[in-house]
Each structure stands twice: as structure tokens, then as C-alpha cells.
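By convention here, the first residue in the shown sequence is residue 1. All figures in this text were calculated on a predicted structure; none of them were measured in a lab. For ligands, and for the atoms within them, numbers begin at 1 and follow the listed sequence.
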Amino acid sequence: MGKHIEKTNFTLSGRFLTYILSKGCNVKGIRLATAQGEQYIKLSKSLRPACSDILQPGTWIQVQGCQKVNTKTGKIKLKAKAIMPALPGSAVNNIAQPSHERVEDVQKGKIRICQKSSCRKRGSKQVLSALNSALQSSGQDKDIQLQAMGCIGKCKAGPNLVVLPDKARYTKVKPKNITQILRQHF
Ligand code: FES
């Protein structure tokens with residue numbers, strides 16, 4: 001696994017929309033309509049035979065699996081390990097950072113954090129992780145987008161972080177500073 005990939009578990013519920021087929025016409029994933037918009041979820045190989053053709057569009061399901069977050073690009077990949085029936089209207093969602101563009105429209109702010117080598121050596125990966133956890137536990141992950149950014153030329157003062165829309169720049173950020181920064185801007 002690449003060094004920019006972080007792996008965690010997720011649980012997500014919503015209405016099954018459709019199967020996604022591979023070039024060979026085998027089922028490789030599903031699309032799910034969730035409270036945060038549509039999500040593509042890959043099915044693990046062990047789940048594919050059991051799941052093919054049994055789900056009807058509109059059926060409420062809960063999906064559990066693992067998500068890989070690329071801490072450099074912010075891209076998320078979901079892979080289902082278990083699918084079970086869910087109650088209509090249930091809205092379980094613990095995905096670290098919704099990637100769907102429709103969510104971005106309603107976001108209130110953005111935090112950019114340098115993920116280039118000098119800042120990473122000084123702990124920017126740990127700061128990104130701490131931010132991710134803090135936003136999730138406070139429920140602000142739907143409103144505030146985390147974004148990896150390139151070098152801004154302040155390498156020796158890293159980890160560097162910029163909070164938008166306030167355009168506030170922070171240097172030498174440590175995980176213990178996260179709560180204070182979030183409180184100040186959101
Ligand atoms: S590496 Fe982060 S500012 Fe240069």
C-alpha cells in the first residue's frame with residue numbers, strides 16, 4: 001500500500017441504485033443513494049457471487065467495509081465486505097470525508113494542509129489525521145473539506161495549514177492545536 005493511503009472501516013446506509021459491471025460483464029460494484037449523494041462502492045471478491053442479481057433498485061441496505069483515503073489527494077475508495085438489509089430512512093454514515101461533488105456545494109469551509117516532504121517530515125500527516133478525526137467526531141466533516149496542498153515555500157515552518165474562507169495561515173501546527181484552530185474559525 002502507498003505511503004499516502006490510510007485505511008479505516010466504514011458503515012453506510014442508503015438505497016441500492018444499480019450494479020456496476022466490469023468489462024467482462026461481471027458485477028464489480030454498486031451505486032448507493034445516501035443522504036450525502038450517490039456513492040460508488042466496490043464489492044470485495046467474496047461478496048460478488050452472493051450479491052449479484054439479488055438486490056432490487058430502491059432497496060434499503062447497510063454496507064460495511066473498509067475505506068482507503070489518499071491523504072495527498074483526499075480521494076476516497078470504498079470497498080464493501082458485508083451488505084445487510086436496513087430500515088427505510090436510516091442514515092448511518094461514518095465515511096471520513098464525503099467525496100461527492102454535490103456535497104462540496106454546501107460546504108462552509110476548507111482546510112488545506114501541505115503534504116509535501118518537508119511538512120510531512122515535520123508531522124503534517126499526523127495533523128491531517130487529527131483534523132480528520134476531530135471533524136468526524138464533531139460532525140463538521142460535512143461542512144468542512146480537508147484538502148492536501150503543495151509546497152507554499154514555508155518549509156522550515158511546517159506543517160503549514162491554511163483555513164478558508166478566512167485565509168488564515170498557520171505554521172508549525174501540531175495535532176494538539178487542532179481543536180483551537182477549529183474553534184476559532186468554525
Ligand atoms: S513542504 Fe510544506 S511548505 Fe514546503
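Side chain of S44 to backbone of A80: a donor-acceptor contact under 3.5 angstrom is found. A side-chain donor-acceptor contact under 3.5 Å links N177 to the backbone of K174. No donor-acceptor pair closer than 3.5 Å links the side chain of N160 to the backbone N or O of I152.
Tested against Y40, the residues I20, L17, I30 include a single side chain to side chain contact (heavy atoms under 4.5 Å, CB included) partner, I20.
Distance check: E38 CD to R15 CZ gives 9.5 Å after rounding to the nearest 0.5 Å.
Sorted by chain and number, the residues within 4.0 Å of ligand 1 by heavy atom are C114, K116, S118, C119, C151, I152, G153, K154, C155, N160.
Under the ring pair (Phe, Tyr, Trp, His ring centres under 6.0 Å) criterion, no residue pair touches residues 110-140, with sequence neighbours excluded.
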